[in-house]
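Each remark here refers to the structure printed beneath this line.
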Amino acid sequence: MQNYDVIVIGAGNGGLAAAATLAEKGKKVILFERHNIPGGCGTSFCRGRFEFEVALHQLSSMGTPEKPGPLREQFRRYGIEEQIEWVEIKELFRVNFPDGTGISLPADRKECEAHLCKEFPQEKDAILRYFETVYSFCAESAAFAEKSAQSTDEPGAVKKTIMKLGFPKLYPTLAKYALKSTQEVLDEFFKAPKLQLALSAYWCFMGMPPSRFPWSILAKCTNIYMEDKPFYLKGTSMVMNQAIMEAVGRMGGVVRLNCGVERIIIENGKAVGIIDENGEEYRAKKIVSNISPLATYGALLDEKDIPESAREYLKPYTVGISAITCFIGLDCTPEEIGFTTSFTLNYESLNANEDFKDAYKLLPENDPLVATCYTVDDPSISPAGTSIITAGTLQYGEEWEKLTPEQYYEKKYEAGRRIVERLEKMYPGFSEHIEEMEIATPLTHMRYLGHPGGAIYGYEQDVMSSVFFFPAESMIPNLEFASGWVNACGFGPNYMFADKVATSLASEV
Amino acid sequence: MAKTIKDTLIGTLVYGKEVLEDIRITRKVSPDKMSLGKEPGTRIAQLHAKELSLVVSAIFDTGKNAKTLRLSSKTGYLPPFEAGQYINIFTEIEGVRTSRPYSISSSPRQRAYYDITVARTEGGFVSDYLLDKVKVGDEFSANGPAGVFRFQPVFHKKHSVFLAGGSGITPFMSMLREILEAHLDRQVTMLYGCRSVKAALFHEELSAYAKEFPNFSYHLVVSDEGDSWTGEKGFIDGKLISKLVSDINEATYYICGPQVMNDFCKKELEAMGIPEKRIRREMFGARRDIEQEDGWPKELSGQEVFKLTVGDKVIEAKANESILTSLERSGVRVNVCCRSGECSLCRVKLISGRVFLSKGIMLRMADEKFGYIHSCKAYPISDIEIGL
């Protein structure tokens, strides 16, 4: 038996950051990962001449070296900022419409405003008011977060009443928009559907259609990406996660690859340690789970140890969406095929909410298609004269789970064929250039992530389940959660959330 | 109960009270979902079992120096696979636990069993064992099916040209059986290179298929000058391929065979102007004469023995044996699957020392940056230390 201050389960983005922060603070930490490589979603794989990025599109919160964002500062603390070649992305995204037109958004507020005002002159005032609202909202929510961080105790009745009356006056934009859906806010400001679609594209990063996507998340995405700029890096997200893993070791932490956790040991209702897949026992003062709460309680605890309160607590949360993704290596440059912006969202109609309904079907139909050409931002990602494109649709896992094993491969290729047909329509000649292609279905995501439903963003993040209502609390003493299942999902948010969790744990052990 | 400050403040937001009420009701009507936590494990086991428990249910002679082992599942269930994929079979021979990947040679349209066909390789540690010792009823564990040497219907051409060498015929048998027996709308031209007619596996079966099915043409290519074979002689080269394949630009080429043959065919296809996207290659395991490979340090004969440090263990490692093999000899358990440099399961960190990396290893950029290697195709050329 070995003793540690903290045991971390799962070397995904959150687990790596939690372990790194704890090691940095001098804590004795061990991180377990069942796969042979670290990274979770943040990984890559090789086929032929290509290495494919699996999950990262745009890293948020980096900022520039001169004006670092919070994530860059975190990476500085780990000593990895300089190890990585960061690639700044100049455009947020391009939204393509069924009539062949499209709108690209520059990653700069003023340029973006100017560009949209030129495209939609009749909505000029609304565009300017909208950006003002986005920025006020983010400023107010940052101010409120800072204020509430100062007081952790539950205030008395009198103070509560004062706060209740004062809140809407102090934070008017927050009070008005914090619980609204993206669609409602866009309808309030804009008439042109294309303009609405151009401003709401980040819904696909969270997997909720505009009608259900909390506008507050959209506002924050827009604000953060414009201010801190979207970044990519050389060598795929695997480089970043390997760098964090190396940092854990350098700072005195231990990482066990190829070694899953079989069970969490509970004594007197408290988490006290784990048994690994080889039957070895490890004890620690705290345990951080970076896997889903469902798998933490449901698969790592004896049935009798699962607290009733945990079942109750997690009831309102629904397992979120998965995806069908084609990883494609082309034997031509992006220019030859007509790709100009790395990250594109492609619509079959001007009604995203209607098209999103196809996400519940087995195969892609009119689903919005997300296509990213990594070569646009970093031509060195694949050999000269080639390019890498990942393209796919968000799709729920349910219909895939109904397939018999015999049906699986046929359906998987059919899904891939449909996505390639969509690309062929937009970029004639596309299919003839395919040199490598791998298809990931919801079951593929389930296989590699171990997530129920093959969920790629954790729980559904609608207004009721995110922002103020993430299921971050643990119902077992000494057990904490760090993953995207219990907080805004995404690379930047996960690294930073886990850092926060670990920092608070470090003061306790 | 008094409201928390959080709920109190949320109550002041537009829609705040409604959202809190929605959550309360949802909580009331939603079922307990905790059992979902276990589901991925059971569901994925049907498609990608972590470990297969296999039993030899029959053994057939396949030519003079090869046997087909018919493997059934002890649990009664075998996952589906794509024709061309392999399973990695674990054995314990003379106290050494090791494994070898074998392509499945039976059709994926039935899964009562997987057939693997084992040909004798000179001095083959595992092949000798499988050919001489294994009997019906013996049990093995395996992982897989895995591998990407298969027909990809989205972008591969409907005309497949199979270039096989020696025991490299096995994945093609699976592909061919599926195409012919299931009457798939595809065309196959097979060029099978062997030393002699006698050495050719499945020759009779292939000849019979060619007679029966108009969408399959079969050409045995014999290299021994003295052989009485009256068909194609020599090696599979560009000239022969151009002669036997109707429209060379409208086909996808698949190569499986010994490293030398594999590399040679690739070059010939390239010389014919066949682009990379039309050439698919199955990687073979570590070659036995690694010291013959380009780039091998001239000052080393391959017989040198170096110190290999792993954790608190120091073991001996021969220069011409892969690090994986040396680890297995000393009883160190390493995760493993393809043993051909591709799958990365046997990845280890090179902490110090120098290694020779054989051709065909697919390292990620992160591996090169942080010093990770695939131990199945990495050879020590100095004392080394690795981390698991």
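So that the names make sense, note that chain A is the first sequence line, chain B the second, and so on, each numbered from 1.
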Among B:T8, B:L20, B:L345, the residue with the most heavy-atom pairs under 4.5 Å to chain A is B:L345

Which distance, rounded to the nearest 0.5 Å, do you find between the CG of B:L47 and the NZ of A:K412?
-> 9.0 Å

Highest number of heavy-atom pairs under 4.5 Å with chain B: which of A:G48, A:A157, A:G235?
-> A:G235

Pairs of heavy atoms under 4.5 Å with chain A: top-ranked of B:K38, B:R278, B:K28, B:E18 | B:K38

If you take all heavy atoms of A:I306 and B:M34, which pair is closest and at what distance?
-> CG2-CE, 3.9 Å

Cut-off 4.5 Å, heavy atoms of chain B, and the answer for A:P442 is neither

Taking all non-hydrogen atoms of both residues, which atom of A:A299 and which atom of B:G37 are closest, and how far apart?
-> CB-O, 3.8 Å

May I ask you to name which of A:G329, A:G450, A:P405 has the most heavy-atom pairs under 4.5 Å with chain B?
-> A:P405

What is the distance from atom OG of B:S344 to atom CD1 of A:I37, rounded to the nearest 0.5 Å?
-> 5.5 Å

Portion of A:F468 that has a non-hydrogen atom of chain B nearer than 4.5 angstrom = both

Got a sec: does the CD of A:E85 have more than 12 other heavy atoms crowding it under 6.0 Å?
-> no

Measure A:E432 against the heavy atoms of chain B and call it side chain, backbone, both or neither at under 4.5 Å.
-> both

Would you say B:Y15 and A:V463 make side-chain contact, with heavy atoms under 4.5 Å?
-> no

Check the surroundings of atom CD in A:E410: do more than 12 heavy atoms from other residues, nucleotides or ligands lie under 6.0 Å from it?
-> no

Toward chain B, the part of A:E246 with a non-hydrogen atom under 4.5 Å | side chain

Sort out for me which of B:E39, B:R347, B:R111 touches chain A most, counting heavy-atom pairs under 4.5 Å.
-> B:R347

Can any side-chain N or O of B:K33 pair as donor or acceptor with the backbone N or O of A:Y317 at less than 3.5 Å?
-> yes

Sort B:Y77 into side chain, backbone, both or neither according to what part of it lies under 4.5 angstrom from a heavy atom of chain A.
-> side chain

Between the side chain of B:D22 and the main-chain N/O of A:M464, is any donor-acceptor distance below 3.5 Å?
-> no

Side chain, backbone, both or neither: which part of A:E414 has an atom under 4.5 Å from a heavy atom of chain B?
-> neither

For atom NZ of A:K315, is the number of surrounding heavy atoms from other residues, nucleotides or ligands below 6.0 Å larger than 12?
-> yes

Roughly how far, to the nearest 0.5 Å, is the OH atom of A:Y413 from the CZ atom of B:F155?
-> 9.0 Å

Considering non-hydrogen atoms only, spot the tightest contact between A:V239 and B:F370 and give its length.
-> O-CE1, 3.6 Å

Quick one: closest heavy-atom pair of B:P40 and A:P452, and the distance?
-> CG-N, 3.6 Å

May I ask you to test the B:V148-A:E436 pair for a side-chain heavy-atom distance under 4.5 Å?
-> no

Above 12 or not: heavy atoms from other molecules or residues under 6.0 Å from CZ of B:F151?
-> yes

Which bit of A:L179 comes within less than 4.5 Å of chain B, counting heavy atoms only: side chain, backbone, both or neither?
-> both

Is there a side chain to side chain donor-acceptor pair (under 3.5 Å) between B:N335 and A:N258 once you walk through the steps?
-> CA-CA 7 Å; B:N335 201 355; A:N258 291 304; 2.7 Å; yes

Chain B heavy atoms under 4.5 Å from A:L330: which part of the residue, side chain, backbone, both or neither?
-> neither

Under 4.5 Å from any heavy atom of chain A - which part of B:R150 | side chain

Name the region of A:V255, side chain, backbone, both or neither, that has any atom closer than 4.5 Å to a heavy atom of chain B.
-> neither

So, the part of A:F52 with a heavy atom under 4.5 Å from chain B: the answer is neither

If you count heavy-atom pairs under 4.5 Å with chain A, which of B:L363, B:D367, B:V19 comes out on top?
-> B:V19

So, does B:R364 use its side chain to make a donor-acceptor pair with the main chain of A:S44 at under 3.5 Å?
-> yes

Enclosure of A:E398 CD (heavy-atom neighbours >12, cutoff 6.0 Å) | no

Nearest 0.5 Å, what's the NZ-CD1 distance between B:K277 and A:I434?
-> 9.5 Å

Measuring heavy-atom distances to chain A, does B:R43 have an atom under 4.5 Å in its side chain, in its backbone, in both, or in neither?
-> side chain

Do side-chain atoms of A:E51 reach the backbone of B:M365 as a donor and acceptor pair under 3.5 angstrom?
-> yes

Would you find more than 12 non-hydrogen atoms of other residues, nucleotides or ligands less than 6.0 Å from A:K180 atom NZ?
-> yes

In terms of heavy-atom pairs under 4.5 Å, which option from A:A178, A:A243, A:S431, A:S292 contacts chain B the most?
-> A:A243

Name the region of B:E276, side chain, backbone, both or neither, that has any atom closer than 4.5 Å to a heavy atom of chain A.
-> both

Flag yes if more than 12 heavy atoms outside B:R333 fall under 6.0 Å of its CZ atom; otherwise flag no.
-> no

Most chain B-contacting option - heavy-atom pairs closer than 4.5 Å, from A:D331, A:T404, A:I291, A:L449 = A:D331

Counting only heavy atoms closer than 4.5 Å, note whether A:Y409 contacts chain B via side chain, backbone, both or neither.
-> side chain

Counting heavy-atom pairs under 4.5 Å to chain A, which of B:R280, B:K6, B:Q46 comes out on top?
-> B:R280

Could you state the interatomic distance from CZ (A:R34) to NZ (B:K50), rounded to the nearest 0.5 Å?
-> 7.5 Å

Atom group of A:E184 that falls short of 4.5 Å from chain B, counting heavy atoms | side chain

What option among A:M446, A:R447, A:R49, A:R311 has the most heavy-atom pairs under 4.5 Å with chain B?
-> A:R447

Write down the atom of A:I439, the atom of B:Q152, and the distance for their closest heavy-atom approach.
-> CD1-NE2, 4.0 Å

Greatest number of heavy atom pairs closer than 4.5 Å to chain B - which of A:M245, A:K234, A:H35, A:Q83 | A:Q83

Applying a strict 4.5 Å limit to non-hydrogen atoms, the region of B:Y372 in contact with chain A is side chain

Could you pull out the closest heavy-atom pair between B:P153 and A:R417, with the gap in Å?
-> O-NH1, 3.9 Å

Rounded to the nearest 0.5 Å, what separation is found between the OG1 atom of B:T12 and the CG atom of A:L174?
-> 8.5 Å

Heaviest contributor of heavy-atom pairs below 4.5 Å to chain A, chosen from B:G387, B:S35, B:P31, is B:P31

